[in-house]
> 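Structure below; questions to follow.
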Amino acid sequence: MPDYAHAVELLRAGELVAFPTETVYGLGADAANPQAVSRIFAIKNRPADHPLIVHLPDANAFSPWVRSIPSAARALAEAFWPGPLTLVLPRAPNVPDVVTGGQETVALRVPAHQVALKLLRAFARSGGGCGGLCGIAAPSANRFGHVSPTRAEHVREEFGDAIPLVIDGGPCPVGIESTIVDLSRGEGFAPRILRLGALPPERIEALLGTRVELPKASQKSEAPRTPLTAVKASRLPEVCEKLTAEGKKIGVLVFSPIDAELRAQARLRLPDDPEAYARALYDALHTLDAAGCDAILAESVPDDPRWRTVADRLRDQETDQVSGIRCQESDR
Ligand code: AMP
Ligand code: MG
């Protein structure tokens, strides 16, 4: 049983606490305390203009954070909170700049994870926060540019003793980040998805009865240290063969039953269902990263809306360095 009282004490003292959510592990600080929030940026090496998501204990807690609540925000919060949906709304004037990256908007979410909710409620009950602002600002608990953590061990490996408390809630049940929807442009504008995530855009469209704008390009923010590239299943045997013949150690990540045929140093096969694949993806990338390979080849995923978020994350993880080891066959 996690020591929530200790976690709350740390948060109220301006310290950081890593905790599980259904999406990934978060690195949390009292969102109303600018010094505490600054620590997140320092320890992650995160650029100051990258705003954080504020986690709330329930949908009622969001009014102090925002200037106004558009009807679409209410409807989405009611339908999908707690859950993997982040709403970007016009911020209230007293929201610290360090949380919003100086923007006029704030990103809010109620996570669907019992440990996260118990922590958030305990923090609220203790009188946590300031000036009516009660929430925990938390980005993913990894250094800037690294793979998001879906297990407490990933957080410990990344930060060692630099974080006073990592609450272990087991593996994250969703394993991929929240969908971020921007509703800050006002009633006349279509909701805009800023980041694809665990909640499919179709469900948002169905609820609101309007089209939503999809993001144009992935943000390319996080990647394993080992260069990764996507390769079609039909080309994988030949690409593995070629790179191995060049003396490269290859890690493969597939979902088709072709792993045994591939010449590789490390092979991981994930489920062929997009949700189950997403749940296992970051853990697989951590494992392959640790395997000492020169490159990771990921089997290209189907060009199908059900695989959209996974495809986005694989693109996110891709680096150009694999082409540097002359892997011209790689394509999607
Ligand atoms: P992470 O570091 O993985 O938790 O990512 C947080 C994400 O939320 C980033 O992609 C941010 O750009 C996004 N975000 C947070 N606050 C805002 C905001 N006010 N406006 C737009 N995007 C935001
Ligand atoms: Mg992140």
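Counting convention: from 1, in listed order, for ligands and their atoms alike. Along the sequence shown, residues are numbered consecutively beginning with 1.
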> Taking everything shown except Asp303 itself, do over 12 heavy atoms lie less than 6.0 Å from its CG?
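No, because the 6.0 Å sphere around CG of Asp303 holds 12 heavy atoms or fewer from other groups.
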> Below 4.0 Å from ligand 1: does a non-hydrogen atom of Thr100 turn up there or not?
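Contact check Thr100 vs ligand 1: negative.
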> Confirm or rule out an N/O/S atom of Ser140, from backbone or side chain, lying less than 2.8 Å from the Mg ion (ligand 2).
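So Ser140 does bind the Mg ion (ligand 2) by this criterion.
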> Could you check whether atom CD of Glu275 has more than 12 heavy atoms from other residues, nucleotides or ligands sitting under 6.0 Å from it?
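12 or below, so no.
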> Between Asp273 and Arg306, is there a side-chain N and carboxylate O pair less than 4.0 Å apart?
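Salt bridge flag = yes for Arg306 with Asp273.
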> One thing to verify: whether Glu238 and Arg235 come together as a salt bridge, which I'm taking to mean a side-chain N less than 4.0 angstrom from a carboxylate O.
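Salt bridge present between Arg235 and Glu238.
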> Under 3.5 Å between some N or O of ligand 1 and some N or O of Glu177?
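Min N/O separation from ligand 1 is not below 3.5 Å for Glu177.
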> Under 3.5 Å, is there a donor-acceptor pair between the Glu205 and Thr210 side chains?
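The answer is no; no qualifying pair exists.
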> Please verify the inter-ring angle class for His286 with His154; under 30° counts as parallel, over 60° as perpendicular, anything in between as tilted.
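Because their plane-to-plane angle is under 30°, the rings of His286 and His154 count as parallel.
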> Is the shortest distance from a Lys or Arg side-chain nitrogen in Arg313 or Glu318 to a carboxylate oxygen in the other one below 4.0 Å?
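No, this pair does not count.
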> Report, in ascending order of atom number, the atoms of ligand 1 lying under 4.0 Å from any heavy atom of Leu52.
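In order of number, 15 (C), 16 (N).
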> Select one of side chain, backbone, both or neither to describe which atoms of Arg46 lie under 4.0 Å from any atom of ligand 1, heavy atoms only.
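Answer for Arg46: side chain.
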> Considering only heavy atoms of Pro139, which atoms of ligand 1 have at least one such atom less than 4.0 Å away?
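Selected atoms, number and element: 2 (O), 4 (O).
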> Short N/O distance, under 3.5 Å, between Arg195 and ligand 1?
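N/O-N/O distance under 3.5 Å: yes.
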> Which ligand 1 atoms are under 4.0 Å away from a heavy-atom of Leu194?
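Answer for ligand 1: 21 (C), 22 (N).
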> Show me which atoms of ligand 1 lie under 4.0 Å from any heavy atom of Thr105.
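The atoms of ligand 1 under 4.0 Å from a heavy atom of Thr105 are 18 (C), 19 (N), 20 (N).
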> List ligand 1 atoms under 4.0 Å from Ile180, heavy atoms only on the residue side.
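In order of numbering, the contacting atoms are 7 (C), 8 (O), 13 (C).
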